Amino acid sequence: MRKLVAGNWKMNGLRADGVALARALATRAADTAPKCDLLVCPPATLLVQVGAVLAASPIALGGQDCHDEAKGAHTGDIAASMLTDAGASYVILGHSERRAGHHETDALVRAKLMAARAAGLTPIVCVGETAAERAAGAALAIIGGQMGGSLPENHGGDPLVVAYEPVWAIGSGRTPTSAEIAEVHGFIRAELRKRVADAGAVRILYGGSVNARNARDLLAIADVDGALVGGASLDADSFWAIAQST
Ligand code: PGA
């Protein structure tokens, strides 16, 4: 399966930064065909401008979150249809920073997934254990619970991406071993078979301290179909190097 390398810019970048980064990536993609599918998820304020820069490039645009309702009185929130309207084709859902910082539950992530699907977006559903949960031997149980609660019982054949992001690996410079990642990705694939029509076609991304130095090894692990990259996606050279490691 062709891999997907996605950049999660998080809450970083003013307009000039986002446009410069998008331009640098678009230039690289024009010079050399990317070896994988590419996606950037800028802050909402940059979507339209970054989307305009990337319009003629193969790099897709995504949001970082959406509300579970289609529209209405939800101050500060963004509807899935607004992301589509801004040019996005993907949306990250249930990132651990939102689960922790905004008290997002599995049920809410599932409701957001339904809203994203209705708007024609491909959801990227994030799961992952904390350091304490891994130390307690509970990683697979936690991830299984998150999958069970965050995905619909029968997802059918709609596009879907799952990202395995151990909370303790995000922004820490630490990554699980290859064997640990292979175990979790194999487990996620098996869980997907219970609820998705074509589980083999769902891309399972690894995320958490992916950089230009470790990307080749991480992307070679069984059932790792791409990467969700935070910090290293803010630098065009790093992000491009990760993409070309596939
Ligand atoms: P990181 O973030 O690459 O900076 O660890 C990954 C993520 O949170 O998606």
Side-chain angles (χ1 to χ4, degrees), residues 3-13 17-18 21 25 36-44 46-47 50 59-66 83 88 90-104 109 112-113 116 121-131 133-134 139 142-143 146-147 150 160-178 180-181 184-185 188 203-219 221 224-246:
K3 295 192 195 286
L4 170 66
V5 170
N8 174 10
W9 294 3
K10 306 191 181 183
M11 196 172 72
N12 292 295
D17 310 312
L21 180 51
L25 294 173
C36 62
D37 288 348
L38 283 168
L39 164 68
V40 294
C41 301
L46 305 186
L47 280 170
V50 167
I59 305 170
L61 188 72
Q64 298 178 10
D65 176 48
C66 69
L83 296 177
Y90 290 82
V91 62
I92 299 169
L93 295 176
H95 190 282
S96 63
E97 286 153 15
R98 294 206 60 86
R99 289 180 186 264
H102 293 264
H103 313 293
E104 293 197 1
V109 175
K112 291 182 174 206
L113 181 147
L121 295 168
T122 298
I124 301 175
V125 175
C126 301
V127 297
E129 81 286 358
T130 63
E133 288 160 350
R134 176 157 285 277
I142 292 294
I143 293 161
Q146 290 169 334
M147 301 256 318
S150 305
L160 172 68
V161 177
V162 175
Y164 168 49
E165 297 208 311
V167 178
W168 53 273
I170 295 173
S172 66
R174 293 163 59 213
T175 56
T177 65
S178 297
E180 286 167 341
I181 294 174
V184 172
H185 280 236
I188 290 174
R203 288 195 277 207
I204 306 173
L205 311 183
Y206 168 76
S209 295
V210 178
N211 58 44
R213 293 175 304 287
N214 62 19
R216 190 172 300 279
D217 290 341
L218 292 169
L219 289 162
I221 299 168
V224 173
D225 307 311
L228 181 53
V229 186
S233 75
L234 296 173
D235 177 77
D237 287 334
S238 301
F239 189 62
W240 186 254
I242 292 165
Q244 295 305 78
S245 312
T246 54

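Each ligand, and each atom within it, is numbered from 1 in the order the structure gives. Only heavy atoms go into these numbers, but all of them, side chains included; no hydrogens, no water, no symmetry mates. Predicted, not measured: the structure shown is a model, and the values here were computed from it.
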Under 4.0 Å to a heavy atom of Asn8 - the qualifying atoms of ligand 1, by number: 9 (O)
Val40 side chain near Ser233 side chain, heavy-atom distance below 4.5 Å: no
Minimal non-hydrogen separation, Pro123 against Leu93, with atom names: CB-CD1, 3.9 Å
Nearest-contact summary for atom 7 (C) of ligand 1 - protein heavy atom, Å: Glu165 OE2, 3.2 Å
Any Ala232 heavy atom less than 4.0 Å from ligand 1: no
Where ligand 1 meets Gly231 - atom numbers and elements under 4.0 angstrom, heavy-atom basis: 1 (P), 3 (O), 4 (O)
Side chain proximity check, Asp65 to His95, heavy atoms < 4.5 angstrom: no
Check: Val224 main-chain N/O paired with Lys3 side-chain donor or acceptor under 3.5 Å: yes
Closest protein heavy atom (residue, atom, distance) for atom 3 (O) of ligand 1: Gly230 N, 2.8 Å
Which segment of Ile170 sits under 4.0 Å of ligand 1 when only heavy atoms are counted: both
Sidechain-backbone polar pair: Asn214 side chain, Ser209 backbone, donor-acceptor under 3.5 Å: yes
Check: Arg203/Thr122 side-chain N/O donor and acceptor closer than 3.5 Å: no
N/O donor-acceptor pair under 3.5 Å between Ser150 side chain and Met147 backbone: no
Those atoms of ligand 1 less than 4.0 Å from some heavy atom in His95: 7 (C), 8 (O), 9 (O)
contact_flag Gly208 ligand 1 heavy-atom lt 4.0 Å: yes
Protein contact to atom 2 (O) of ligand 1 [nearest heavy atom, distance to 0.1 Å]: Lys10 NZ, 3.3 Å
